[in-house]
> 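A single structure is presented below for examination.
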Amino acid sequence: MASISRNLLRRSLAPGRGLRRLLVLSQHPREYVTAECHRPVVLHKRGPDILHDPWFNRGTAFSMTERDRLGLRGLLPPNVVSSQQQIDRFMLDLKRLQKYTRDGPSDTYPLAKWRILNRLHDRNETMYYKVLIDNIEEHAPIVYTPTVGLVCQNYSGLFRRPRGMYFSAEDRGEMMSMVYNWPADQVDMIVVTDGSRILGLGDLGVHGIGIAIGKLDLYVAAAGINPQRVLPVMIDVGTNNEKLLKDPLYLGLQEHRLEGDEYVSIIDEFMEAVFTRWPNVIVQFEDFQSKWAFRLLQRYRKTYRMFNDDVQGTAGVAIAGLLGAVRAQGRPMIDFPKQRIVVAGAGSAGIGVVNAASRTMARMLGNNEVAFESARSQFWIVDAHGLITEDRADIDPDARPFARRKSELGHQGLNEGASLVEVVKKVKPDVILGLSAVGGLFSKEVLEALKDSSSSRPAIFAMSNPTKNAECTPGEAFSILGEKAIFASGSPFHDVDLGDGKIGRSNQGNNMYLFPGIGLGTLLSGARVISDGMLQAAAERLASYMKEEEVLQGIIYPPISRIRDITKEVAAAVVREAVAEDLAEGYRDMDARELARLSEEETIEYVKTNMWSPVYPTIIYKND
Ligand SMILES: NC(=O)c1ccc[n+]([C@@H]2O[C@H](COP(=O)([O-])OP(=O)(O)OC[C@H]3O[C@@H](n4cnc5c(N)ncnc54)[C@H](O)[C@@H]3O)[C@@H](O)[C@H]2O)c1
Ligand SMILES: O=C(O)C[C@H](O)C(=O)O
Ligand SMILES: [Mg+2]
């Protein structure tokens, strides 16, 4: 195994073969420190310019010899500290803040924490990511949901330095040259938003850039994408948020959103520009309003390396959780097609889930027309106008295949527009799954109705973000349905103490468990597109990651502390599927044929050795 790993590590090194000398083995047998982080960096700057460059600054951790070599002597306090001491100092300061603000308004603390972390991000990226990775449970809710939503809502006040790129409607015709303003010659991952539907908070216009930054933080922390190769992007085509249109502090274009062909031509121009400069980049579409999410996905997915996280990432995470809920009942996964599922919300996320989950069921049933029809009939979709049926006027084409048939309605005693509670009462579903962005939608009445579920362990997925938009809390769910219920939410909640030593498990069902692995697996396979099979493989790996005893306890998703490990596993599954579908073209020195020869274990090792870790690089100064 060790020699296999060494070969893999060699092959995964950058094109410069001389760099193999830099291969570093850690103290732990069979564990390799990623070569990616140990390449020396040649810089053409010295002194304060290095201290002001967050990619290379290491502050008080610069050794005396480095201070001499790089012209830093005298520019830093004399005591040289280790990177761990730096982190201890930072964390101590952060905890002090907690003491002062504990009794203050509830939003103050997370926002202040975000501000402090953001300042660290601005001055020392390596340390920022080390702090994030080492304390992921504490900090994910700050840099990601729920606080990132609050950050976007307050962005004009929080804005200090720009991060990422902004393309606006004013930049039409200029994008091809603008992309060259970005300092990095290599970009692996772009997360792009147009700010039109940020979490469940609606249109936040240009301030939605915060969501792209937060997603890329997870790409670095969970998938080990090198932070110098990520690019958050905001495409500002205006906003329909009337408050922002009138706000003198708003940072974006103060005009209504472009629509139709004008809108599409801007996104087309952006895609062409980024893929011209960085042909191997992967573009993740994030928080686009549903009408564009689907259309843009269909428009680009066959020609570009792209995916939509809200449609496809969410679907995979939901499928993994739904399979977990089946296992939690002590039944095999193959029983999934028998589950009756009520979905509240028919936007990009809800329809994405129903589409993919019904395809999974159909595959289990034989993948023919009868199987598809049977799978379809297991879903009831309720949106803002109630149950969606064939009788709905102006039915959304994406929801049409799942509209309940007239022939089914009579014997179910349901009508077009039936309320959620009515549907739950009549259907007695195994699962209710919310992607409605309506906080509290799973009311006491709805949860009471779920007591008649035909399942021994009814499952509640309150997946809307941020926290205030969750369809219900775990406390509400467990108090009505008892300890047997399965609960997952999009934003994090604590487990619930049910007394007598019983615990109601609160799972976080968030696409963060898949998108980093989908991106990393695509990158390392060199696949030119992201196929349904690759997404399915990612979801299946997440589903099988949870052990039997965990699932039986109601734990259907891993804790966030394991996100780096699960991401590695998901990425390896994506690589293997890309190889199986003959889509993999290889990455760096690892060509498609070599990739195809790797065993499952070797693929995992290959992924691991290509994940960046936050280690300060050796800096070499050159003045030519
Ligand atoms: N947990 C995750 O990983 C994850 C992933 C993606 C999206 N989400 C969340 O899902 C939510 C929806 O996202 P979207 O892009 O689909 O939004 P969207 O605005 O396109 O869709 C919302 C849907 O909810 C429906 N709805 C509104 N009021 C309702 C009601 N009272 N009863 C039933 N349905 C109602 C709307 O008709 C619409 O179909 C957001 O809060 C988002 O944060 C979570
Ligand atoms: O961003 C998240 O936390 C999940 C999801 O992408 C969402 O839009 O809510
Ligand atoms: Mg999203």
Side-chain angles (χ1 to χ4, degrees), residues 87 89-125 127-161 163-164 191 193 195 198-202 204 207-222 232 249 251 286-287 437 439-440 462-470 473-475 489-496 506-513 559-561 563:
I87 288 173
R89 180 155 42 89
F90 179 85
M91 292 299 289
L92 199 72
D93 201 40
L94 210 57
K95 298 273 185 269
R96 204 168 290 141
L97 174 89
Q98 191 168 3
K99 255 184 252 157
Y100 293 138
T101 58
R102 185 168 285 155
D103 301 314
S106 59
D107 288 349
T108 318
Y109 177 53
L111 269 191
K113 230 174 153 182
W114 180 87
R115 217 179 278 182
I116 290 175
L117 283 165
N118 186 50
R119 284 207 293 264
L120 178 60
H121 198 177
D122 281 346
R123 62 176 187 274
N124 183 337
E125 286 223 346
M127 182 173 161
Y128 172 73
Y129 285 111
K130 190 149 174 53
V131 165
L132 188 56
I133 292 169
D134 291 354
N135 304 279
I136 191 80
E137 260 161 299
E138 187 179 342
H139 292 154
I142 304 294
V143 303
Y144 192 64
T145 190
T147 307
V148 73
L150 205 55
V151 169
C152 293
Q153 288 174 306
N154 292 279
Y155 208 66
S156 57
L158 291 167
F159 181 86
R160 292 293 178 275
R161 281 178 181 219
R163 178 173 295 284
V191 175
T193 183
I198 296 300
L199 304 175
L201 303 170
L204 298 184
H207 295 170
I209 182 96
I211 202 78
I213 296 170
K215 293 272 171 183
L216 284 165
D217 271 347
L218 285 199
Y219 265 110
V220 177
L249 301 179
L251 296 170
E286 191 66 49
D287 289 7
M463 292 182 77
S464 291
N465 295 314
T467 314
K468 73 176 176 62
N469 293 58
T473 65
S489 54
S491 297
F493 282 96
H494 293 297
D495 286 345
V496 181
S506 187
N507 297 277
Q508 191 173 0
N510 190 292
N511 50 29
M512 69 184 180
Y513 284 120
I560 186 152
S561 54
I563 196 165

> Calculate, to the nearest 0.5 Å, the distance between atoms OG1 and CE belonging to Thr145 and Met512 respectively.
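Spacing of OG1 (Thr145) from CE (Met512) equals 9.0 Å.
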> Hey, are the side chains of Lys130 and Ile133 touching, using non-hydrogen atoms and a 4.5 Å cut-off?
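In short, these two side chains do not touch, never coming nearer than 4.5 Å.
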> Could you check whether Asn118 and Tyr128, counting side-chain N and O atoms only, form a donor-acceptor pair closer than 3.5 Å?
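There is no such pair (donor and acceptor under 3.5 Å, judged by atom type) between the side chains of Tyr128 and Asn118.
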> How far does CD1 of Ile198 sit from CD1 of Ile209, to the nearest 0.5 angstrom?
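Taking CD1 in Ile198 and CD1 in Ile209, the distance rounds to 9.5 Å.
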> Is any side-chain heavy atom of Lys468 less than 4.5 Å from a side-chain heavy atom of Leu201?
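A side-chain contact exists here, since the closest heavy-atom pair is under 4.5 Å.
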> Determine, stepwise, if the pair Ile136 / Leu218 fulfils side chain to side chain contact (heavy atoms under 4.5 Å, CB included).
CA-CA 10 Å; Ile136 191 80; Leu218 285 199; 4.3 Å; yes
> In Å, rounded to the nearest 0.5 Å, how long is the span from CD1 of Ile116 to CG of Leu111?
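Separation between the atoms: 11.5 Å.
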> Mind checking whether Leu199 and Asp287 have side chains closer than 4.5 Å, heavy atoms only?
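Of all side-chain heavy-atom pairs linking Asp287 with Leu199, at least one is under 4.5 Å.
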> If I take atom CZ from residue Arg161 and atom CZ from residue Arg119, how far apart are they, to the nearest 0.5 angstrom?
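These two atoms lie 12.0 Å from each other.
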> Leu120 and side chain to side chain contact (heavy atoms under 4.5 Å, CB included): which single residue from Ile87, Leu132, Leu94, Val131 fits?
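Exactly one pass, corresponding to Val131.
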> Centroid-to-centroid, Tyr144 to His139, below 6.0 Å?
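Centroid distance Tyr144-His139: not below 6.0 Å, so no.
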> Are any of the side-chain heavy atoms of Lys215 and Asn511 separated by less than 4.5 Å?
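Contact flag for Lys215/Asn511 side chains = yes.
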> So do His121 and Asp217 actually touch side chain to side chain, heavy atoms under 4.5 Å?
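A side-chain contact under 4.5 Å exists here.
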> Do Pro146 and Pro492 have side chains that approach each other closer than 4.5 Å (heavy atoms only, starting at C-beta)?
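When only atoms from C-beta onward are counted, Pro492 and Pro146 do touch, with a gap below 4.5 Å.
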> Would you say the side chain of Pro110 lies within less than 4.5 Å of the side chain of Ile142, judging by non-hydrogen atoms?
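Result yes, sub-4.5 Å side-chain heavy-atom pair found.
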> Given Leu204 and Tyr155, is the side chain to side chain contact (heavy atoms under 4.5 Å, CB included) satisfied, shown in steps?
CA-CA 10 Å; Leu204 298 184; Tyr155 208 66; over 6 Å; no
> Do Leu150 and Trp114 have side chains that approach each other closer than 4.5 Å (heavy atoms only, starting at C-beta)?
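They are not in contact (no side-chain heavy atoms under 4.5 Å apart), so the answer is no.
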